[in-house]
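Just below is one structure, and these are the notes that go with it.
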Amino acid sequence: MTHVVSEACIRCKYTDCVDVCPVDCFREGPNMLVIDPDECIDCAVCIPECPVNAIYAEEDLPSNQLAFIKLNAELAVADGWKSITKRKPALPDADEWKDKTDKIGELVR
């Protein structure tokens, strides 16, 4: 099993989670983070660090977020999605987006 970053991360991209990851499994895109399932060791230390509750154990992912299992795996190896290991500021308008839903159309690949 692995952990999955869900839709809640889109247009927020808080990076509190990357500081605690012991294996550097996070990848950064333009407006979202994903978890590389081949690197994740299922330790769960990232879950409580996310201020928007965007990270789930794969088996706990809400049914309306199941597409993010495949999306995390795909984007983790996509061109331009690089490893992120140090916390950085969230996107400038993250606070405006943190409570919004149905943000998949906002994802920049």
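Because the structure is a prediction, the values reported are computed rather than measured. Numbers for residues simply follow the sequence, beginning at 1.
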*Give a yes or no answer on whether the side chain of E7 reaches the backbone of Q65 with a donor-acceptor pair at less than 3.5 Å.*
no
*Report the distance from atom NE2 of H3 to atom SG of C17, rounding to the nearest 0.5 Å.*
11.5 Å
*With N53 via side chain to side chain contact (heavy atoms under 4.5 Å, CB included) - residues at least two apart*: none
*For the student: nearest non-hydrogen atoms of C12 and A90, plus distance*: O-CB, 3.6 Å
_Filter on salt bridge (Lys or Arg N to Asp or Glu O under 4.0 Å), then keep only pairs touching residues 29-51, sequence neighbours left out; what's left?_
R27-D36
*Ignoring hydrogens and geometry, is there a side-chain-to-backbone donor-acceptor pair from N31 to E106 under 3.5 Å?*
yes
*Any chance you could pull the hydrophobic cluster mates of L61, using side-chain heavy atoms under 4.5 angstrom and chaining through other members?*
V4, V5, I10, V18, F26, M32, L33, V34, I35, I47, I55, Y56, L66, F68, I69, L71, L75, W81, I84, I104, L107
*Qualifying residues under side chain to side chain donor-acceptor pair (under 3.5 Å), relative to K86, sequence neighbours excluded*: none
*asked:* Through direct or indirect side-chain contacts below 4.5 angstrom among Ile, Leu, Val, Met, Phe, Trp and Tyr, which residues connect to V52?
replied: Y14
*List in chain and number order the residues that pass side chain to side chain contact (heavy atoms under 4.5 Å, CB included) with D19, two or more places apart in sequence or in another chain; answer none if no residue qualifies.*
R87
_Quick check: do P62 and S6 have side-chain heavy atoms less than 4.5 Å from each other?_
no
*Could you work out the complete set of other residues in the hydrophobic cluster of V23, with links drawn between I, L, V, M, F, W and Y side chains under 4.5 Å apart?*
I41
_Summary of salt bridge (Lys or Arg N to Asp or Glu O under 4.0 Å) pairs that have at least one residue in residues 57-70, sequence neighbours excluded_ = none
_Could you report the tightest heavy-atom contact between A8 and A54, atom names first, then the distance?_
CB-CB, 3.7 Å
*Polar side-chain atom of T15 near backbone of K88 as donor-acceptor pair, under 3.5 Å*: yes
*Would you list the pairs meeting salt bridge (Lys or Arg N to Asp or Glu O under 4.0 Å) in which at least one residue belongs to residues 91-100, sequence neighbours left out?*
R11-D93
*With sequence neighbours excluded, residues passing side chain to side chain donor-acceptor pair (under 3.5 Å) with E74*: R109
_I'd like to check the salt bridge (charged side-chain N to carboxylate O under 4.0 Å, His left out) partners of K13; sequence neighbours left out, ordered by chain and number._
E28
